[in-house]
A.B. asks: 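Below: one structure in structure tokens.
Residue numbers begin at 1 in each chain, while the letters A, B, ... track the order of the sequences. Keep in mind the model is a prediction, meaning the values are calculated, not measured.
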Protein chains: 2
Amino acid sequence: MSEQEKELKVLRDQIDSIDKQIHSLLNNRARCAQQVADVKEKYQGNQDAVFYRPEREAQVLRRVMTRNEGPLADKEVARLFREVMSVCLALEKPMYIAFLGPEGTFTQQAASKHFGHSAHCIPFNSSDEVFREVESGGAHYGVVPIENSTEGMVHHTLDLFKRFNLKICGEVELLIHHHLLRAEAEDLAGITRIYSPQQTLAQCRSWLDSHFPSVERIPVSSNAEAARLALEQGSSAAAIASDLAADLYQLNIVAKNIDDQSDNSTRFLIIGDQEVGESGQDKTSVLISVRDKAGALYKLLEHFQRHKISLTRIETRPGQQDATNSMFYIDFEGHSVAPKITRLLAELEAESTELKLLGSYPVAVL
Amino acid sequence: MSEQEKELKVLRDQIDSIDKQIHSLLNNRARCAQQVADVKEKYQGNQDAVFYRPEREAQVLRRVMTRNEGPLADKEVARLFREVMSVCLALEKPMYIAFLGPEGTFTQQAASKHFGHSAHCIPFNSSDEVFREVESGGAHYGVVPIENSTEGMVHHTLDLFKRFNLKICGEVELLIHHHLLRAEAEDLAGITRIYSPQQTLAQCRSWLDSHFPSVERIPVSSNAEAARLALEQGSSAAAIASDLAADLYQLNIVAKNIDDQSDNSTRFLIIGDQEVGESGQDKTSVLISVRDKAGALYKLLEHFQRHKISLTRIETRPGQQDATNSMFYIDFEGHSVAPKITRLLAELEAESTELKLLGSYPVAVL
């Protein structure tokens, strides 16, 4: 055995011994999870017992990220724990998740990111079908896009909350950004062709129109192909692609985040027939209608200001039938059971023609 | 705090304590993996060091499955360890994997199954491009289908081994089977409509032609939709879909595995510029040409028989230019460095006009 082999053997034996310990702990953890299920069934009965607790999962993952000292990155180790919880949960109860298909889209990525790979994720043709499937009990939860640059802010999804009696149980964020990549050059000069998948070209249209109005845009089949072509063709060509492609082909990022919407297609909601408890770091979403008089929005926002509650998003819902009403979609920090938020909601309700609480749920962890 | 809450708190505290131990072990494992990388660099230099060892990963996973006592299922816990290795490896060296795209296909599933979700998997338009990418060093490994019912046995992939100087470094199996599903009835009588995705209908064509020549076949967008329609429409309709869909919609499986090829699209090869060591349970693939005389194949097989070496697959390569030669693709058990296999290969070479060793690699674990 060579010196190298000897040194490697010592390390590999260590790894094997660590693996044995991890393995035994994983099975212990699964046994505890089974006991949790038993307790729930004992007190709540098989039908009513809720096996998946988004707030509990969020707490576990936050704790993992807080105590992590490396060398594994916080997000990577949290992702492992997500999978561990997914496997343990599947043992208690196989989870069925409906998502807006087809397969291979970002929504599927979001579903797997949130529920781990032991959940069964089933594609549906429309968000309506996803809601229907969850309401009928065919799936435990649904995953739908809420902010998607190709559909715009997904108002359609918000409208579904008016038709279906479901709650928001969680949110998922995916970070997807597009950059302009070139070989050789490090500036924007001399580009005559830009390669990218059709959808990405569409998502960067305004930026392209203002920076490269007369440059040819050539749709290709993938990020990777765009980057490869840019590499092959040198300084006359550029690609719009992701960080990953830039890395892989060692191209220069000559313009960052050129998506027309900087929050490109990257937020998804978990919907379910469940009120989620406090996780310690939560968000609440409401739909609120007010009479369309000057200052109505300002008056609403005053309440947030007074209670020092941070708004994370506010959107005006366009195209309501009743022209005397304005409707807003508002996300803010805090959980509806917290006294401060309970007061806020009462105040908002008093001033609105309609207030619909869409749900309180843990802020996305990963 | 209610009795239930008290009992749950005890269990959750246990889980938290287990998680802390797992967490700390995961980071210890990552540190060991970093030290393995350091040793390899010290002896081999940064360029030559091989960080990913398929045989070592296969051994780890087999050990996990052998020692597993549950309650987690063998495959689930092995899948977790696959992810653990993937995360640790990503820390040593980010892995780039080229696969036959587009995204969302079984080949991508195979790539993730084999390399875990910390590897960067990049889609390419053709298997040729995957090979080229790996040969040029742009990706560390490639994943291509080798048995795929939509393309037939993928001879094209085999041909690429003649053009590119790459080895088979591993195999991945995905189990995908299609069944005929019905609500209410449990036999084949009275069906007037069969729903399924277009591709699945194509994969079951012979079976449908022989059992339901005149029944309407209606293409729909997904397995799940087919199953839902069958459920809604009762005994006049049936769906062709997976186990998962049968489960989800509580349909009866009235005919199992009706795919025309029972090994439906489900084997993939890992290709790379690396000779893989012995894992203890290995397979070897060769392309072998013999003069086209009666008994040539029989004589070849005699060698396997005498050495008691199990053939796992043999295929005749059709359409070779030289009509006096026959070419066979053969998979058999064992590793080319084992004395018995070395002798076998020498004997085969003596009797063939050409013998190409495509590689020895671990039998698929998961």
Side-chain angles (χ1 to χ4, degrees), chain A residues 3-4 7-8 11-12 14-16 18-23 25-36 39 43 60 63-64 67-72 76-77 79-81 83-84 87 90-91 96 101-105 108 117-118 120 122-125 138 221-222 224-225 244 248-249, chain B residues 3-4 7-8 11-12 14-16 18-23 25-36 39 43 56 60 63-64 67-72 76-77 79-81 83-84 87 90-91 96 101-105 108 117-118 120 122-125 138 221-222 224-225 244 248:
Chain A
E3 279 307 309
Q4 182 189 359
E7 291 181 38
L8 287 178
L11 288 168
R12 287 188 171 140
Q14 275 179 36
I15 290 177
D16 288 342
I18 290 172
D19 281 354
K20 260 184 226 163
Q21 298 174 61
I22 293 176
H23 190 164
L25 287 164
L26 287 172
N27 275 321
N28 286 347
R29 191 192 200 284
R31 266 187 290 272
C32 286
Q34 284 179 319
Q35 289 168 27
V36 166
V39 170
Y43 287 95
V60 169
R63 236 173 273 151
V64 165
R67 73 168 168 242
N68 187 48
E69 294 178 343
L72 291 175
E76 288 287 278
V77 75
R79 195 174 64 68
L80 286 177
F81 272 93
E83 292 297 329
V84 169
V87 168
L91 199 65
Y96 291 99
E103 297 193 21
T105 55
Q108 183 174 28
H117 288 81
S118 293
H120 301 303
I122 325 272
F124 286 81
N125 284 326
S221 65
S222 71
E225 178 158 346
L244 180 58
L248 180 58
Y249 290 93
Chain B
E3 279 307 308
Q4 183 189 0
E7 291 181 38
L8 287 178
L11 288 168
R12 286 187 172 142
Q14 274 179 37
I15 291 177
D16 288 343
I18 290 172
D19 281 353
K20 260 185 227 162
Q21 297 172 62
I22 294 176
H23 190 163
L25 288 164
L26 286 173
N27 274 322
N28 286 348
R29 191 192 200 284
R31 267 186 290 273
C32 286
Q34 284 179 320
Q35 288 168 28
V36 166
V39 170
Y43 287 96
R56 162 90 187 142
V60 169
R63 236 173 275 151
V64 165
R67 74 169 168 241
N68 187 48
E69 295 178 342
L72 291 175
E76 289 287 278
V77 74
R79 196 174 63 68
L80 286 177
F81 272 92
E83 291 297 330
V84 169
V87 167
L91 198 66
Y96 291 98
E103 296 192 23
T105 56
Q108 182 175 29
H117 288 82
S118 294
H120 302 302
I122 325 272
F124 286 80
N125 284 326
S221 65
S222 71
E225 177 157 349
L244 180 59
L248 180 58

A.B. asks: Taking the side chain as everything from C-beta on, heavy atoms only, tell me whether I15(B) gets closer than 4.5 Å to V60(A).
C.D. replies: no
A.B. asks: Quick check for you: among N28(B), V84(B), V64(B), which has the greatest number of heavy-atom pairs under 4.5 Å with chain A?
C.D. replies: V64(B)
A.B. asks: If we only count heavy atoms from C-beta on, is the N68(A) to N27(B) side-chain gap below 4.5 Å?
C.D. replies: yes
A.B. asks: Flag the one option from A30(B), G70(B), G138(B) with the top tally of heavy-atom pairs under 4.5 Å to chain A.
C.D. replies: G70(B)
A.B. asks: Side-chain contact test, heavy atoms from C-beta onward, threshold under 4.5 Å: evaluate it for R67(B) versus D19(A) and give yes or no.
C.D. replies: yes
A.B. asks: Taking salt bridge (charged side-chain N to carboxylate O under 4.0 Å, His left out) as the definition, give me every residue that meets it alongside E69(A), ordered by chain and number, with sequence neighbours left out.
C.D. replies: none
A.B. asks: Most heavy-atom pairs under 4.5 angstrom with chain A, which of Q21(B), R79(B), Q34(B)?
C.D. replies: R79(B)
A.B. asks: If you round to the nearest 0.5 Å, how far is CZ of R29(B) from CG of L11(A)?
C.D. replies: 11.5 Å
A.B. asks: Please state whether the side chain, the backbone, both or neither of R63(A) comes within less than 4.5 Å of a heavy atom of chain B.
C.D. replies: side chain
A.B. asks: With a 4.5 Å heavy-atom cut-off, do R31(A) and I18(B) have their side chains touching?
C.D. replies: no
A.B. asks: For each of E225(A), H23(A), E76(A), E7(A), tally heavy-atom pairs with chain B at distances under 4.5 Å, and name the one with the top tally.
C.D. replies: H23(A)
A.B. asks: Is there a side-chain contact between V77(A) and V87(B) in this structure, where contact means two heavy atoms from C-beta onward sitting under 4.5 Å apart?
C.D. replies: no
A.B. asks: When rounded to the nearest 0.5 angstrom, what is the spacing between CD1 in I122(B) and OH in Y249(A)?
C.D. replies: 7.0 Å
A.B. asks: List the residues meeting side chain to side chain donor-acceptor pair (under 3.5 Å) with Q35(A), not counting sequence neighbours, and say none if there are none.
C.D. replies: none
A.B. asks: Looking at every non-hydrogen atom in both residues, tell me the closest pair between P71(A) and L91(B) and how far apart they are.
C.D. replies: O-CD1, 3.5 Å
A.B. asks: Are E83(A) and H117(B) close enough that some pair of their side-chain heavy atoms sits under 4.5 Å apart?
C.D. replies: no
A.B. asks: Supply the atom-to-atom distance L26(A) CG to I22(B) CD1, rounded to the nearest 0.5 angstrom.
C.D. replies: 4.5 Å
A.B. asks: If we define contacts as heavy-atom pairs under 4.5 Å, which of K20(A), E3(A), Q14(A) has the most with chain B?
C.D. replies: K20(A)
